[in-house]
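Please read the structure below before turning to the comments.
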Amino acid sequence: MRSRLLIAGALTGALLTMACSVRWNTGDEGVAPSPAPVVSADAATTASVVDLLRKGTKFIDETSFRTDVDISGGQVTTRSHRDNPRKRGDALISFAGKDTEIRMVDEAVYMKSEQLKGVGDGWLSLDPAKVPASFELTFAAGKNDPGGSARLLNAIVTAEIDKTVTSGTEINGTMDLSKVGSGNGISFRLTRGQDFPEAMKHHPFSASLDAQGRLIRFMIPASGGAPSASLRYSDFGAPVAVSPPTGATRAPDALYAQLGLQ
């Protein structure tokens, strides 16, 4: 039996539905999934480490930063810059040699895409009221992280600090990929009617905090049939200069139907 594990990177699940579909093997064809490494952290240790990781994402509401998402060794990549306090952001989503660009200026959202169908190839001005909730193009707290770190942290099952590291903080653990959900950053789902195998409910991950306690890396390795995915944060406090594109036209309804995960 073959199933399809769908992985979305960037700011949009639309790229997942439309372009990024990765096959994985359930083991029914004689290839057993690789077991996840054992992490012995107890519930109290895990809760403490997850709290440390959550504190490591406070910068999202406080300063500017860069986000890089990489799916399956470069199959889908995203580079985004965000300054939530000053309401400025941009993103470049790349897949198979085609790009989607996004600009956010105050409450206005603009998009130019080589990947979406029937919308043309110029800059479009989006109506925020028509954008699906899962697309989350907003500066509002809780929905303003192009990396989607909160969903990743919510899916952690076990976590512990690597005490052999002396610079920064390294964390190892396991996570339940079925609980990651869909939205900005890394998304996991199966095609309709399929279930996540048990191995993916105890999937390995690693993360890094810098010397200031900020989350700078979250890595999901290829294991148990799932492809790799990585999230990185950098350029804290760097200026984010974004302006409205010239000549943008109103987005057609055909665009909104392709955004978000259906």
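Reckoned from all heavy atoms, side chains included, excluding hydrogens, waters and symmetry mates.
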(message) Tell me whether N154 contacts the main-chain N or O of A150 through its side chain, where contact means a donor paired with an acceptor under 3.5 Å.
(response) yes
(message) Tell me whether the count of non-hydrogen atoms from other residues, nucleotides or ligands lying under 6.0 Å of CG in D106 goes above 12.
(response) yes
(request) Please report the closest heavy-atom contact between M175 and F205, naming both atoms and the distance. (result) SD-CB, 3.7 Å
(message) Please check this pair: side chain of R88 against backbone of D83, looking for a donor-acceptor N/O pair closer than 3.5 Å.
(response) no
(message) Please determine whether residues V105 and F139 belong to a single hydrophobic cluster, defined as Ile, Leu, Val, Met, Phe, Trp and Tyr linked transitively by side-chain heavy-atom distances below 4.5 Å.
(response) no
Hey, can you pull the donor-acceptor pairs under 3.5 Å for the side chains in residues 124-133, sequence neighbours left out?
unit_1 : atom_1 : unit_2 : atom_2 : d
D127   : OD1    : A129   : N      : 3.0
K130   : NZ     : D253   : OD1    : 3.3

(request) Starting at CD of E160, measure out to CG of N172 and round the result to the nearest 0.5 Å. (result) 7.0 Å
(message) Testing the basics here: between V69 and G185, what is the closest heavy-atom pair and its distance to 0.1 Å?
(response) CG2-CA, 4.4 Å
(request) Taking the side chain as every heavy atom from C-beta outward, state whether L152 and V180 have any pair of such atoms under 4.5 Å apart. (result) yes
(request) Determine whether M219 and M200 fall in the same hydrophobic cluster, where Ile, Leu, Val, Met, Phe, Trp and Tyr are linked whenever their side-chain heavy atoms lie under 4.5 Å apart. (result) no
(message) With rounding to the nearest 0.5 angstrom, report the CZ to NE2 distance, R103 to H81.
(response) 13.0 Å
(request) Measure the CZ-CG distance between R232 and L215 for me, rounded to the nearest 0.5 Å. (result) 11.0 Å
(message) Between D90 and R82, does any side-chain N to carboxylate O distance fall below 4.0 Å?
(response) no
(request) Determine the minimum heavy-atom distance between Q258 and K117, stating which atoms define it. (result) NE2-O, 2.6 Å
(request) State the NZ-CG distance between K201 and D176, to the nearest 0.5 angstrom. (result) 6.5 Å
(message) Please tell me whether S94 and D99 have a donor and an acceptor in their side chains that are separated by less than 3.5 angstrom.
(response) yes
(request) Calculate, to the nearest 0.5 Å, the distance between atoms CD and OG1 belonging to E62 and T57 respectively. (result) 9.5 Å
(request) Tell me, yes or no, whether the heavy-atom count around R86 atom CZ, taken from other residues, nucleotides or ligands under 6.0 Å, exceeds 12. (result) no
(message) Would you say that V240 contacts K87 through its side chain, given a criterion of any heavy-atom pair below 4.5 Å between the two side chains?
(response) no
(message) If hydrophobic clusters are built from ILVMFWY residues whose side chains come within less than 4.5 Å, do Y110 and L137 share one?
(response) no
(message) How close do G73 and S228 get, counting heavy atoms only, and between which atoms?
(response) N-OG, 3.5 Å
(request) Indicate whether the side chain of S187 and that of S182 have a donor and an acceptor atom separated by less than 3.5 Å. (result) no
(request) Heavy atoms only: give me the nearest S223-H203 pair and the separation to one decimal. (result) O-CE1, 3.0 Å
(message) Hydrophobic clusters here meaning ILVMFWY residues chained together by side-chain heavy-atom distances under 4.5 Å, can you tell me if L52 and F218 are in one?
(response) yes
(request) Would you check if F95 and T100 make a side-chain contact, meaning some heavy-atom pair closer than 4.5 Å? (result) no
Listing, residues 241-249 side-chain donor-acceptor contacts under 3.5 Å, not counting sequence neighbours, or none:
none

(request) For a side-chain contact (heavy atoms from CB on, under 4.5 Å) with I161, tell me which candidate from L209, T45, I171 qualifies. (result) I171
(message) Using side-chain heavy atoms (C-beta onward) and a distance below 4.5 Å, is V49 in contact with I156?
(response) no
(request) Looking only at non-hydrogen atoms, find the nearest pair between Q115 and I93 and report the distance. (result) NE2-O, 4.0 Å
(request) Go through the side-chain N and O atoms of Y233 and D145 and say whether any donor and acceptor fall under 3.5 Å apart. (result) yes
(request) Measure from the side-chain N and O atoms of S113 to the backbone N and O of L116, and report whether any donor-acceptor pair falls under 3.5 Å. (result) yes
(message) Quick check: do S149 and I60 have side-chain heavy atoms less than 4.5 Å from each other?
(response) yes
(message) Could you check whether any side-chain heavy atom of Q212 comes within less than 4.5 Å of a side-chain heavy atom of F236, counting everything from C-beta outward?
(response) no
(message) With clusters defined by side-chain heavy atoms of hydrophobic residues (ILVMFWY) lying less than 4.5 Å apart, directly or transitively, does V157 cluster with I186?
(response) no
(request) Give, for atom NZ of K58 and atom CG of D61, the distance between the pair rounded to the nearest 0.5 Å. (result) 10.5 Å
(request) Please check if any side-chain donor atom of S206 sits under 3.5 Å from a side-chain acceptor atom of R217, or the reverse. (result) yes
